[in-house]
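The block underneath contains the structure these notes are about, expressed in structure tokens.
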Amino acid sequence: MVFAPAELGEVGIAPRHAPLLTRLKAGELRIQTPTETLSLFVSGGLLEVQPNQVMVLANSFIRTSEIDEAKTREAKLAAEAFLASSAESVDVARAEAELAEMTERLRVLDRLRKRGQLR
Amino acid sequence: MAGTKEIRTQIRSIESTRKITRAMEMVAASKIRRVQARMQASRPYLVRIRQVTGHLAVLRPEFPHPFLLPRSTMRGVGFLVIGTDRGLCGGLNINLIRTVWNEVRILNKQGISIRFAAIGQKALTGLRRLDATLVASVTHLGDRPAPENVIGPLRALLEDYRQGHIDRLVLAFNYFQNTMIQKPHLVTLLPIPAQRDPGLADHWDYLYEPDSVDLIDTWLTRYLEAETYQGLLENIASEQAARMVAMKSASENASTLIDTLKLAYNKARQAAITREIAEIVGGAAAV
């Protein structure tokens, strides 16, 4: 079973799911097999589902266990500071995306902690 | 002794040239591994997105996206040409540009107008001489270009396609086969060719979330960006490989040249000494 952060909300994909095409937003991607669970953070991307396979085309990904919380907070603050300082610039869009991604990373970490899945 | 001195300066200048070509060869050799790894790392992404895009082209979803529909008339063709920024890499850029030229010449004869965008300085200067309109260009991206870098020129040509200035879009770059072989590649990006996948059922379509129009557009744009970016990475790997080979043969040529000159130098020196001895002996005999 695969759980993915689709644009319209998280989708859970079980085997023989109907073919689906959607965009992903930043969030947690979970791949569960009977024996193990793989938890990844994707920054966004595309998702294709066929009855017998799921394809994730992520813009970038990182294992949630490898997210550095302190650095994420730092990057978030830096993005916020940047947005506050420069009113108009080509980099604003990039900073906004960065901010959204970092915020989402922290939220995923929080959620994992609540579930007790974080060390 | 006039001849020997000239030969010596010549030898020295060729030696310093050889130093440069050797250094460039080694730099290219060390870069190859890295750029090749980068190129191979992003190949799977392209393979996958190409697969699904092929499905979309076969399916002809309820909303036929302009990128998927072949056009009946052919008035203009767009070329997105990826070259290197620097020279000294053998015939890499020349071969690519000549391939594009040949294609353009055929199209020109049919009265089809050409628009092009260039990535890399050499592609830009090489194509300026053509009877074609330059739409966009980006140069000096370095060895580690970000995917965002290719978006500009691509967007410009996609806009041309949407507006009907061009009815076909071709991507041109050097395909990295191996270190010795790089081949100019022309790939038709638009209209996207349909790929029949025998493993798929004939009648099925995706569910699109949120809506098909928007989503297919995102998907196809992303696909085209992936193709272009991969082309750029292939071309960078080709550049380093071609430069290594070119500089290696340049160093070897310099070595042969130096050997020949050294031989000539020694001969000239020997001749001068013999002549001097002859003069001395001759002089002594006269006394």
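Order of the sequence lines sets the chain letters (A, B, ...), proteins ahead of strands, with each chain counted from 1.
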Spacing of [atom1] belonging to [X] relative to [atom2] belonging to [Y], to within rounding of 0.5 Å:
X	Y	atom1	atom2	result
A:E48	B:L56	CD	CG	8.0 Å
B:Y208	A:R23	OH	CZ	13.0 Å
B:I49	A:M55	CD1	CE	7.0 Å
B:Q51	A:Q53	CD	CD	6.5 Å
B:L215	A:L46	CG	CG	7.5 Å
A:L47	B:W219	CG	CH2	7.5 Å

If you count every heavy atom of other residues, nucleotides or ligands that lies below 6.0 Å from [X] atom [atom1], does the total exceed 12?
X	atom1	value
B:R43	CZ	yes
B:R162	CZ	yes
B:R86	CZ	no
B:R48	CZ	no

Taking side chain as everything from C-beta outward and backbone as N, CA, C, O, which of these in A:L8 sits under 4.5 Å from a heavy atom of chain B? Side chain, backbone, both or neither.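 Contact with chain B involves the side chain of A:L8 alone.
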
Indicate the atoms forming the closest heavy-atom contact of A:L21 with B:Y206, along with that distance. CD2-CD1, 3.9 Å

